[in-house]
Amino acid sequence: NLDASHDVDDTPSFNEMMDEDNYLQLKYEMTVEAIKNLKPMYRDLLVDRMLNGMKYKVLAKKHNMSLQTVKNRVRRGKVLIADAVNKELV
């Protein structure tokens, strides 16, 4: 039997929300910077795939490479970005 005096307010405080907003902004800025710092062979494919929504087969044709190479480079680019961002956040 729970009454109002035992309710727990899970609403985050203003400071907690600001900390989260600041963290998300920092992570966003670091991600953008990591993308800029990628070698073009990764960056160009990632931009086309992730931001422009191009299919892997279209990327392979556009960049004149095999489908598997495109998939590998997109995956590797994502890993490089994650590693750069996580390294900075530690």
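Keep in mind that the numbers below use all heavy atoms, side chains included, and drop hydrogens, waters and symmetry copies.
With hydrogens and angles left out, the side-chain atoms of Gln25 and Asp21 include no donor and acceptor closer than 3.5 Å.
In this structure, Glu33 CD and Thr31 OG1 are separated by 10.5 Å, a value rounded to the nearest 0.5 Å. Once rounded to the nearest 0.5 Å, the distance linking CG of Asn52 with CG of Asp44 reads 10.5 Å. For the atom pair Asp83 CG and Lys78 NZ, the distance stands at 14.0 Å (nearest 0.5 Å). Between the NZ atom in Lys61 and the CE atom in Met54 there is a gap of 11.0 Å [rounded to 0.5 Å]. The line from CG of Asn86 to CD1 of Ile81 is 11.5 Å long, rounded to the nearest 0.5 Å.
At least one side-chain heavy atom of Leu80 sits under 4.5 Å from a side-chain heavy atom of Leu38. Looking at heavy atoms from C-beta onward, Met65 lies in side-chain contact with Arg73 at the 4.5 angstrom threshold. Inter-residue side-chain proximity for Tyr23 and Asp19 is flagged as unmet; no heavy-atom pair is nearer than 4.5 Å. Taking the side chain as every heavy atom from C-beta outward, Met41 and Leu45 never approach each other to under 4.5 Å. The side-chain heavy atoms of Asn72 and Arg75, taken from C-beta on, include a pair separated by under 4.5 Å.
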(message) Between Tyr56 and Val74, is the side chain to side chain contact (heavy atoms under 4.5 Å, CB included) condition met? List the steps.
(response) CA-CA 9 Å; Tyr56 286 110; Val74 168; 4.0 Å; yes

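Tyr28 and Leu24 end up in different hydrophobic clusters when Ile, Leu, Val, Met, Phe, Trp and Tyr side chains are linked at under 4.5 Å. Leu67 and Leu59 end up in the same hydrophobic cluster when Ile, Leu, Val, Met, Phe, Trp and Tyr side chains are linked at under 4.5 Å. Hydrophobic clustering (ILVMFWY, side-chain heavy atoms < 4.5 Å, transitive): Leu46 and Val32 are in distinct clusters.
In summary, of the residues considered (Lys62, Arg43, Lys55), a salt bridge (charged side-chain N to carboxylate O under 4.0 Å, His left out) with Asp48 occurs for Lys62 alone.
The nearest pair of heavy atoms linking Val85 to Lys27 is CG1-CG, 3.9 Å.
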